[in-house]
Amino acid sequence: MAPAAAAAAPTPAGNGTSVSAMAVDGDVAAAASQGFSLDPDTFQKIHPAEFHRRFLSQGVRADGRPLQKFRKAKISLGPVSTANGSAMVRLGDTTIICGVKAEVAEPKPAAPRSGFIVPNLDLPPLCSPNYRPGPPSELAQTVSEYMDQVIKSCDLVNPETLCIEPGHAVWVLYVDIVCLNHGGNVVDAAMIALAAALKHTRLPQATYYETESTVRVTDTFTIPLSVKRTLVPVTFGVFDAAVVIADPTAEEEAHLSTTLTYVLDAENGEAAYGVLKSGGSAVPRDMLVACWDDARKRAVDVVAALAEAEQAGNRRPDVAAV
Amino acid sequence: MSARIRSDQRKLPSEMRPFYCSSALLSRSDGSVRFKSGDSSVLCSVFGPMEVKIRDEKLDKATVEVVFKAAAGNSTTKERLYERVIRETLEASILTALHPRSAIRITLQVLTDDGGILSTALNAATLALVDAGIALRSLPAGVTCMIDQEGVLLLDPTILELEAARSTHMFVFDNISDGALSNISTGSFSMDEYTSCYDTCFSAVAAVQQLFRSSVEGKVRREHGPEADA
């Protein structure tokens with residue numbers, strides 16, 4: 001990673017190749033006088049935070065991006081042909097796949113016409129060495145919960161449109177989001193995948209038979225789900241409580257003092273559906289506002305990527321038919 | 001302005017419910033506090049620094065554990081989100097480097113929930129850490145506000161008011177830094193609404209900080225006599 005990264009960086013102060021520039025301050029004099037050399041790879045392993053600090057102080061990041069540059073979102077719709085809707089999202093090394101499965105369930109007595117959307121993020125051990133087999137990690141649970149709160153509070157899908165027969169049968173949409181490769185900023189990738197998959201979801205025609213009290217569904221998925229808005233998540237990391245970086249990678253995430261996630265409206269960047277900043281270093285008011293402004297620019301790019309994915313999906317007849 | 005009466009007889013949208021705390025309620029824990037904000041009330045106990053599970057041990061600092069228990073029912077992912085926010089907020093304020101290879105456990109039990117339970121719990125946790133004598137860098141305090149369907153900003157809403165919320169916002173500020181430590185916002189809101197929520201919560205936190213101050217002063221007086229005041 002590091003040699004390539006150093007090569008990609010526009011070497012403002014000989015980042016990478018020059019040995020003395022890469023050593024930690026305290027070691028510099030001694031290292032230089034003894035002709036001791038430390039290659040960037042080793043330096044990153046020994047002093048990971050200092051490694052990133054050196055890059056950021058030069059206005060560039062270890063993977064060659066400027067501070068405010070996001071990774072391009074690559075979206076493809078319909079990779080899972082058996083699901084009612086699906087999407088795969090890549091942000092750099094981060095890969096997330098999301099499938100929507102519709103099942104028939106009984107509504108709650110208090111809300112006889114309301115269906116359910118159940119988002120669930122899975123961070124399996126295969127995606128990163130930080131996750132172990134067993135019950136879902138705290139991050140997976142809390143991100144799932146936050147997505148659920150955002151979806152519900154912004155009324156993304158009117159739950160009454162999921163009604164099949166009031167009081168008897170409604171659709172429940174299980175939105176399963178699986179991380180295949182954790183390259184940082186899983187929250188953004190997961191929410192983009194969720195938004196794309198829900199837009200792509202088609203439900204079968206369902207009929208309720210009162211005499212047998214059963215629901216029969218057609219074999220083809222024909223009815224598009226009416227999704228009221230498109231959510232665009234945008235995440236920033238804050239390094240040393242002062243330097244804001246957009247779309248952090250997994251290596252950077254481990255050394256951030258805090259992260260900041262906005263959930264914006266795709267059409268109107270003035271409107272937001274969520275902000276999440278959990279602990280860490282304090283973020284002043286003007287930084288919150290400045291990040292929101294940067295997030296709006298990012299939202300435009302994500303919307304374009306979504307539109308591109310939809311066009312590509314329409315050209316492929318096998319995907320469009322599902 | 002005073003024409004609007006809120007669901008619990010408060011006159012103003014920017015009026016907080018009366019809040020108070022009582023400390024050292026539990027004999028077995030190192031610190032305990034009950035924080036009440038209107039009809040929301042949370043009991044918090046702190047143990048530590050104490051022995052840490054080997055798996056959670058950190059070589060250079062203490063491990064902070066937060067357990068959040070709702071008033072009724074099994075714990076769900078909602079409680080896990082609260083635990084994470086409270087833990088990540090307090091981890092930044094506790095001087096964890098003073099207690100390497102040990103654990104500080106914060107247990108929060110909701111007694112009654114009438115809105116703003118996360119900020120109430122966080123305030124209880126901060127005071128319980130003070131009560132336990134754990135060294136802190138700053139005192140984080142939380143406040144909740146909401147914007148209703150007509151666009152009116154209501155500070156410290158009750159559960160009844162939250163049902164009609166278009167957006168809800170929880171902010172945490174401390175007494176030394178000039179920014180938000182934590183923020184959870186959901187619902188549908190504009191940037192102007194967001195910044196006015198920030199400003200409202202920022203000024204409201206001063207009152208909570210004032211309570212923190214008088215609570216700590218009371219603790220010092222009890223433990224070291226009245227002359228400690230000077």
Side-chain angles (χ1 to χ4, degrees), chain A residues 118-121 132 135-156 228-229 231 238 241-242 257-265 268-293 295-296, chain B residues 55 64-66 75-94 118 122 137-138 140 142 146-147 162 165-199 201-202:
Chain A
V118 186
N120 185 44
L121 172 65
R132 298 171 171 282
S137 66
E138 184 189 55
L139 182 72
Q141 287 190 44
T142 54
V143 173
S144 303
E145 167 66 22
Y146 187 67
M147 288 196 289
D148 187 43
Q149 287 188 9
V150 168
I151 292 172
K152 281 208 185 93
S153 64
C154 83
D155 202 20
L156 181 68
K228 286 193 195 166
R229 31 185 144 256
L231 309 181
V238 184
S257 56
T258 187
T259 59
L260 192 56
T261 300
Y262 297 83
V263 185
L264 299 189
D265 187 290
N268 172 14
E270 271 291 315
Y273 301 120
V275 180
L276 179 62
K277 182 209 177 302
S278 174
S281 61
V283 172
R285 186 182 190 274
D286 42 353
M287 198 191 272
L288 283 168
V289 172
C291 285
W292 186 318
D293 281 329
R296 287 160 65 171
Chain B
R55 207 186 61 174
V64 180
E65 301 167 20
V66 175
S75 88
T76 61
T77 49
K78 190 173 165 189
E79 279 78 43
R80 298 305 301 271
L81 179 61
Y82 288 175
E83 285 171 6
R84 180 181 148 203
V85 172
I86 292 173
R87 194 194 68 235
E88 292 182 338
T89 308
L90 295 175
E91 258 176 355
S93 284
I94 298 172
L118 178 55
L122 186 104
R137 184 177 291 115
S138 65
M146 64 167 259
I147 293 177
L162 282 168
R166 188 156 54 77
S167 65
T168 55
H169 310 260
M170 198 283 299
F171 284 93
V172 179
F173 300 96
D174 69 11
N175 52 342
I176 56 166
S177 36
D178 60 345
L181 295 187
S182 291
N183 166 225
I184 297 192
S185 296
T186 51
S188 170
F189 51 92
S190 69
M191 194 196 275
D192 287 343
E193 288 174 328
Y194 180 72
T195 48
S196 64
C197 287
Y198 180 101
D199 295 336
C201 289
F202 184 77

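The sequence lines fix the lettering, A, B, ..., with proteins before strands; numbering per chain opens at 1.
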Less than 4.5 Å to any heavy atom of chain A: does that hold for the side chain of B:Ser167, its backbone, both, or neither? neither
What distance separates A:Thr142 OG1 from B:Glu83 CD, expressed to the nearest 0.5 Å? 10.0 Å
CD on A:Glu145 to CZ on B:Arg80, rounded to 0.5 Å: 11.5 Å
Would you check if B:Tyr194 and A:Trp292 make a side-chain contact, meaning some heavy-atom pair closer than 4.5 Å? yes
Given heavy-atom pairs under 4.5 angstrom as the criterion, report whether the side chain, backbone, both or neither of B:Val172 touches chain A. neither
Can you tell whether the side chains of A:Glu138 and B:Arg87 come within less than 4.0 Å, N to carboxylate O? yes
For each of A:Gly280, A:Pro136, A:Ser281, tally heavy-atom pairs with chain B at distances under 4.5 Å, and name the one with the top tally. A:Gly280
Let me know if A:Leu288 has heavy atoms under 4.5 Å from chain B in its side chain, its backbone, both or neither. side chain
Would you name the heavy atoms of B:Ser185 and A:Tyr146 that are closest together and state the gap between them? O-OH, 2.9 Å
Side chains of B:His169 and A:Val275, heavy atoms from C-beta outward: is any pair under 4.5 Å? no
What distance do A:Leu276 atom CG and B:Arg84 atom CZ have between them, rounded to the nearest 0.5 Å? 6.0 Å
Reported CG-to-NZ distance for the pair B:Asn183 and A:Lys277, which is rounded to 0.5 angstrom: 8.5 Å
Determine the option with the most heavy-atom pairs under 4.5 angstrom with chain A, choosing from B:Ser177, B:Ser182, B:Ala165. B:Ser182
Which is it for B:Thr77 and A:Gln141 under the side-chain hydrogen bond (donor to acceptor under 3.5 Å, both in side chains) test, yes or no, and what are the steps along the way? CA-CA 6 Å; B:Thr77 49; A:Gln141 287 190 44; 5.9 Å; no
Which answer fits A:Ser257, side chain, backbone, both or neither, if we ask what part of it has an atom under 4.5 Å from a heavy atom of chain B? neither
Indicate yes or no: does B:Asp178 engage A:Arg285 in a salt bridge with an N to O separation below 4.0 Å. no
CD1 of B:Ile184 to OG1 of A:Thr261: how many Å apart, nearest 0.5 Å? 11.0 Å
Rounded to the nearest 0.5 Å, how far does CG of A:Asn268 lie from OG of B:Ser190? 9.0 Å
Considering only heavy atoms, which portion of B:Tyr198 lies under 4.5 Å from any heavy atom of chain A: side chain, backbone, both, or neither? side chain
Only pairs of heavy atoms separated by less than 4.5 Å count here; which of B:Val85, B:Leu181, B:Thr89 has the most with chain A? B:Leu181
